[in-house]
Protein chains: 2
Amino acid sequence: MARRSEHTREQLGELILGAAEQLIAENGMAGLSARAIAKAIGYTPGTIYLVFANLDDVILHVNARTLDRLFAPIEKAVAGDDTPTGQLVRAARAYVEFARAHPNLWRACFEHRLPSEQTGPDYIDMRIQRLIALIMPPLAAASRAEGAHLNAAAQALWSGVHGICILSLTNKLHLVGGQATEHLTDDLVIHYLTGLAARGVGTSLGSG
Amino acid sequence: MARRSEHTREQLGELILGAAEQLIAENGMAGLSARAIAKAIGYTPGTIYLVFANLDDVILHVNARTLDRLFAPIEKAVAGDDTPTGQLVRAARAYVEFARAHPNLWRACFEHRLPSEQTGPDYIDMRIQRLIALIMPPLAAASRAEGAHLNAAAQALWSGVHGICILSLTNKLHLVGGQATEHLTDDLVIHYLTGLAARGVGTSLGSG
DNA sequence: ACCTGAACACCGTTCAAGT
DNA sequence: ACCTGAACACCGTTCAAGT
C-alpha cells in the first residue's frame with residue numbers, strides 16, 4: 001500500500017471537506033471524526049493530516065464554506081427593490097432561514113470552541129465582517145447613523161438576530177415552528193430600527 | 001474494594017456536580033470527562049453512573065446551577081430604584097457581566113448540544129423561563145405592551161442581548177474589552193425599547 | 001448495597017515502514 | 001512522495017466481581 005496518487009493534494013482537500021460537511025450536516029459535530037471522514041472518502045485517517053493540520057483545521061474550513069453559502073441570500077436581500085428597512089428585515093429573515101435550513105452547519109460556525117477563547121483564523125473573521133458589511137448601507141439609510149455609530153448599530157442588530165436564531169434553534173424559547181421565529185426577528189429589527197431612527201436618545205434612560 | 005459508604009447518594013451527587021462545575025469553569029467542556037470528575041473526588045468513573053444517568057445528565061445539572069446563580073443579579077437589576085428602561089438596561093448589563101465572569105459555565109448552558117435538536121429537560125426550561133419572566137414587568141411598563149406582544153418582546157430583547165453576549169465572548173465581533181460589549185448592549189436595549197414605545201409601527205416596513 | 005476495575009468500542013494524532 | 005497501519009494516550013459507558 002501507499003503511493004496511490006489518485007488525487008492531487010487539492011482534490012484530496014476537497015474530498016475531505018465535502019465528507020466533513022456532509023457528516024456535520026447529518027449528525028452535527030458529534031457525527032464528525034477523522035475516522036468517519038477517512039472511511040467516507042476511502043482513505044485512512046492519517047491521510048487527513050497530510051492535507052490539514054488537525055480536525056479543528058478541517059472544521060474551520062467547512063465553516064468558511066458555510067459562511068460563503070450564507071453570503072448570497074443576504075446579499076440578495078439587501079439588493080432587493082425595497083425600502084432600507086424592508087431590506088434589513090428581509091436580510092434578517094434570510095439569516096434565520098439559512099440557519100433553519102442548515103442547522104448543524106450553521107451551529108458549527110458559531111459554537112466551534114477554539115482552545116481558550118482565542119480568536120479564529122483571519123479567513124473566518126473576514127467572512128463574518130463581510131456579512132456584517134452587507135447590512136451597513138441599508139442601515140445607514142434607515143438611521144442616518146455613520147462611522148463608529150453605524151458600525152456599532154450593525155453589530156448590535158446582527159448579534160440580536162443571531163441570538164434569536166440560536167435560541168430558537170436550540171429550543172431555549174417556547175416557540176412553535178418557524179413562523180414564531182420570523183415574527184420575533186421582525187419585531188426585533190423593526191423596533192430597533194424605529195428606535196435608532198428616533199435619534200438622540202443616547203443614554204437617556206428615562207424614557208419608560 | 002467497594003462498599004465505602006463514606007457519602008450518601010446526595011453527598012456523592014454534590015461532590016460530582018462540584019467537581020464537574022470546577023472542571024468546566026477552568027477548561028470549558030473540553031476539560032470535562034467522567035474520568036477527570038472521578039479523579040477529582042477520589043472515586044472511579046463507574047461511581048458517577050450510580051448517581052447520574054450519564055455525563056450529559058451531569059452537565060445539565062451543572063447548567064441548572066449556573067442558571068440559578070444568574071438569577072440573583074438579574075433580579076437585583078430589575079428591582080432597582082430606577083425607571084423601567086433603566087432597570088432593563090441594568091438587567092442586560094448584569095447578563096453580559098455574568099457571562100464574562102463565568103464564560104465557560106455560561107457557554108455550557110447554551111451550547112451544550114442535546115442529541116438531535118430535542119428540547120432539554122423541564123428543570124432547565126423552567127429556569128430560562130424564570131429569567132425571561134423577570135424582565136416582563138419593566139418591559140410592560142416601558143412599552144405598554146401586554147399579553148402575547150409582551151411575551152414576544154421579552155423573548156426578542158433577551159435573545160438580542162444573548163446574541164451580543166455570545167458573539168462578543170467568542171470574539172466574532174471586532175470588540176476590544178468589556179466596554180465595547182456593554183456599549184452594544186445598551187445600544188440594542190435602548191433603541192429597541194424606544195422603537196417599542198413608539199407603538200403601532202407593526203409591519204409597516206416603509207419607515208426608512 | 002456500594003463501589004471497583006477491567007473491558008468494549010470508540011476517539012485524535014503521530015510516525016515508522018512500505019511501495 | 002504518498003499513504004498505510006499500527007500504536008499511544010485518551011474517551012463514555014457497562015457490568016461482573018468483590019466486600
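In what follows, chains carry the letters A, B, and so on, assigned in the order in which the sequence lines appear, proteins first and then strands, with residues in each chain numbered from 1.
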Consider the side chain of A:L12, meaning its heavy atoms from C-beta on, and name the nucleotide among C:dT13, D:dG12, D:dC3 that approaches it most closely.
D:dC3
With sequence neighbours left out, what residues match A:A36 under side-chain contact (heavy atoms from CB on, under 4.5 Å)?
A:L23, A:S33
So, OP1 or OP2 of D:dT19: does either fall under 4.0 Å of a side-chain N or O from B:R4?
no
Which label fits A:H162 and A:W106: parallel for a plane angle under 30°, tilted from 30 to 60°, or perpendicular past 60°?
tilted
A:E111 with A:R107: basic N within carboxylate O range, under 4.0 Å:
yes
So if I take residues 39-48 of chain B and measure heavy-atom distances to DNA chain C, which residues fall below 4.0 Å?
B:Y43, B:T44, B:G46, B:T47
So, is B:Y49 near the phosphate of D:dT13, with a side-chain N or O under 4.0 Å from OP1 or OP2?
yes
Which residue pairs satisfy the salt bridge (Lys or Arg N to Asp or Glu O under 4.0 Å) criterion with at least one member in residues 129-141 of chain B, sequence neighbours excluded?
none
In whole angstrom, what separates A:E6's CD from D:dT4's P?
9 Å
Run through A:I37, A:I16, A:T47, A:L12 and flag the one making a side-chain contact (heavy atoms from CB on, under 4.5 Å) with A:F52.
A:I16
Ring-face cation of B:R4 near B:Y43 (centre distance under 6.0 Å, axis angle within 45°)
yes
Secondary structure of DNA chain C per the Watson-Crick/G-U criterion (both distances under 3.5 Å; [ ] crossing, | other strand, . unpaired) is ||.|||||...|||||.||
With respect to the side chain of B:L55, which nucleotide from D:dT4, C:dT13, D:dT13 is positioned closest?
D:dT13
Atom-to-atom span, CG of A:L50 to P of C:dG18 - whole angstrom:
18 Å
Interface residues of residues 24-38 of chain B with DNA chain C (non-hydrogen, below 4.0 angstrom)
B:R35
Whole-Å gap separating P (D:dT13) and CG (B:D56):
7 Å
Could you name each residue pair satisfying salt bridge (Lys or Arg N to Asp or Glu O under 4.0 Å) that touches residues 16-37 of chain B, not counting sequence neighbours?
B:E21-B:R65, B:E21-B:R69
